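Quick notes on the structure that follows.
Lettering follows sequence order; numbering is per chain, from 1. None of these values were measured; they are calculated from a predicted model.
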Protein chains: 2
Amino acid sequence: MAEQPIAASSDPEAELTPILRAALEEFVEHGYDGTSVRTIAARVGVTVPALYYHHENKQALLAELLDRAMAVVVRHTAEAEAAAGPVPRDRMAAMVRAIVGHMTNHQGLAFLDAETRALTPDNRKRYVAQRDQIEDLMRSCLRDGLADGSFSTPWVGDCTRAILSMLQGIASWYREDGPDSREEIAEHHVQLALALAGAVRPPAPTPTAARRTRRR
Amino acid sequence: MAEQPIAASSDPEAELTPILRAALEEFVEHGYDGTSVRTIAARVGVTVPALYYHHENKQALLAELLDRAMAVVVRHTAEAEAAAGPVPRDRMAAMVRAIVGHMTNHQGLAFLDAETRALTPDNRKRYVAQRDQIEDLMRSCLRDGLADGSFSTPWVGDCTRAILSMLQGIASWYREDGPDSREEIAEHHVQLALALAGAVRPPAPTPTAARRTRRR
DNA sequence: AGCAACTTAGCGAGCGTTCAGTAAATCATC
DNA sequence: GATGATTTACTGAACGCTCGCTAAGTTGCT
């Protein structure tokens, strides 16, 4: 009877059960196929069958972790965009901040993205659908910016993938004790993403939405 | 006696022996830990000990593949930059073209980058050293461009990583039968990289080096 | 005869998974 | 408020398989 989440906050890594947390750490460290259920159990301090009491099998551990990770980042990204108003530049900035926050605050879950190859076809399908949602949000924002003249990239697809690859990359180099804070990294990447989009003017103080993003 | 490279061209994937080629394909498809030496042997059409006659062990297969991959991309990138003259914008464009060419022409080897986690510490050290070389080339180019005013990014480190993440990402989505040719993708990413660097003027026809890169 | 390039056969270890049993908590009943 | 039934959360032991790897033997070319 120890299989409760340690915290009930809204932090998706904090509210993992001990088993899921141990599985996450092992998967991040050694990869899905490089991890044995025995090492997960040992990390939790239980025997192997205890894992199978709470989860169907090893694959279900990975699927659940990835489901949670994707659900959180999709929700945060969509909410951030919705709260940012109608201006494409602001929406893009908000989404980038949300995604960078995910990469730095939930680095383990974010890094797990590299393990999606190990998903069974059914589980992979759900993952891809969630990932496509984020890609669609970004692509639509780019298109809207091109339509109103605030962005100028001629290659929406390449630009979308470039932004998301750049952001996903953060999960593989970010260190909590690095020189820049999460917020600094987020702001840098807002500007880098806007550069990729070919944003035409620095803060774009249009009459409808002045005083929003602030440039350093 | 079938363990010769199929072709002796300068294409690093074509000049792989059948065993290394099979190992590459399996590693790309299932990951290092998800691949067994038996499936590699079966793919070549030999028995398992034949693998061990030509290679020390499974780890040596991965190490050799990654060594070749990194040696080639480092060499091509350095040569491309050297041949591009002194102008940072031209050097950056040349390096991006070289790296994109690597990602699209040797997608398997490029994708193997994701398996570096499975390297033993010694082998990983050699890999990291090679990867750092590319990062240093890119960073130096950025710095030179900032010094002469042709680039303007305030964050050299983040910008370097962003460019390389963006380019590495190509290996995970590029398809030979996709809508854009390798050359088109390369030119798009040259412009995207220059945008990340904050390149100040489109083709920058300075008096010393006009008539070089051509904008679409 | 000798070497290169294999094959046959198998070793011990570790893999994911399951089954049967059990201590403790929870609940229903008197 | 003690008692028996049920449920929860596990443990011990082991199953069948696959893993990386190797010793010893075989084949065919020079």
Interatomic distance where CG belongs to A:Leu62 and P belongs to C:dG16 [whole Å]: 13 Å

Distance, rounded to the nearest Å, where A:Leu51 contributes CG and C:dC15 contributes C1': 14 Å

Parallel, tilted or perpendicular, judged at 30° and 60°: which one describes the rings of B:His188 and A:Trp155? parallel

Checking contacts here: which listed nucleotide (D:dT22, D:dC21, C:dA4) is nearest the side-chain heavy atoms of B:Asn57? D:dC21

Nearest-Å distance, NZ (A:Lys58) to P (C:dT17)? 8 Å

If only atom types and distance count, is the side chain of A:His189 paired as donor or acceptor with the main-chain N or O of A:Ile185 below 3.5 Å? yes

Cationic N near anionic O, under 4.0 Å, A:Glu29 to B:Arg117: no

Whole angstrom is fine here: how far is it from NE2 in A:His30 over to C1' in C:dG14? 15 Å

Taking CD from B:Glu56 and P from D:dG20, how many angstroms apart are they, rounded to a whole number? 15 Å

Parallel, tilted or perpendicular: rings of A:His76 and A:His106 (30°, 60°): tilted

Select base, sugar-phosphate, or nothing to describe what A:Val48 touches, counting heavy atoms under 4.0 Å on all strands. base

Just to confirm, is there a sub-4.0 Å distance from OP1 or OP2 of D:dA9 to any side-chain nitrogen or oxygen of A:Tyr53? yes

So, B:Glu187 and B:Arg97, do they make that salt bridge, N to O below 4.0 Å? yes

Using a strict cut-off of less than 4.0 Å between a Lys/Arg side-chain nitrogen and an Asp/Glu carboxylate oxygen, indicate whether B:Glu176 and B:Arg182 qualify as a salt bridge. yes

Near DNA chain D, which residues from residues 116-127 of chain B have a heavy atom under 4.0 Å away? none

For the residue pair A:Asp33 / B:Tyr32, report whether a side-chain donor-acceptor contact shorter than 3.5 Å exists. no

Taking only side-chain nitrogens and oxygens of B:His54, does any of them come within less than 4.0 Å of OP1 or OP2 of C:dA4? no

Closer than 4.0 Å, any side-chain N/O of A:Tyr52 to the OP1 or OP2 of C:dT17? yes

Between D:dC21 atom C1' and B:His55 atom NE2, what is the distance in whole Å? 15 Å

Among residues 34-41 of chain A, which residues get a heavy atom nearer than 4.0 Å to DNA chain C? A:Thr35, A:Ser36, A:Val37, A:Arg38

Let me know the distance between CD1 of B:Ile19 and C1' of C:dA5, rounded to the nearest Å. 10 Å

NZ/NE/NH1/NH2 to OD/OE distance under 4.0 Å, A:Lys125 and A:Asp122: no

Quick check: are there more than 12 heavy atoms from other residues, nucleotides or ligands sitting under 6.0 Å from CD of A:Glu56? no

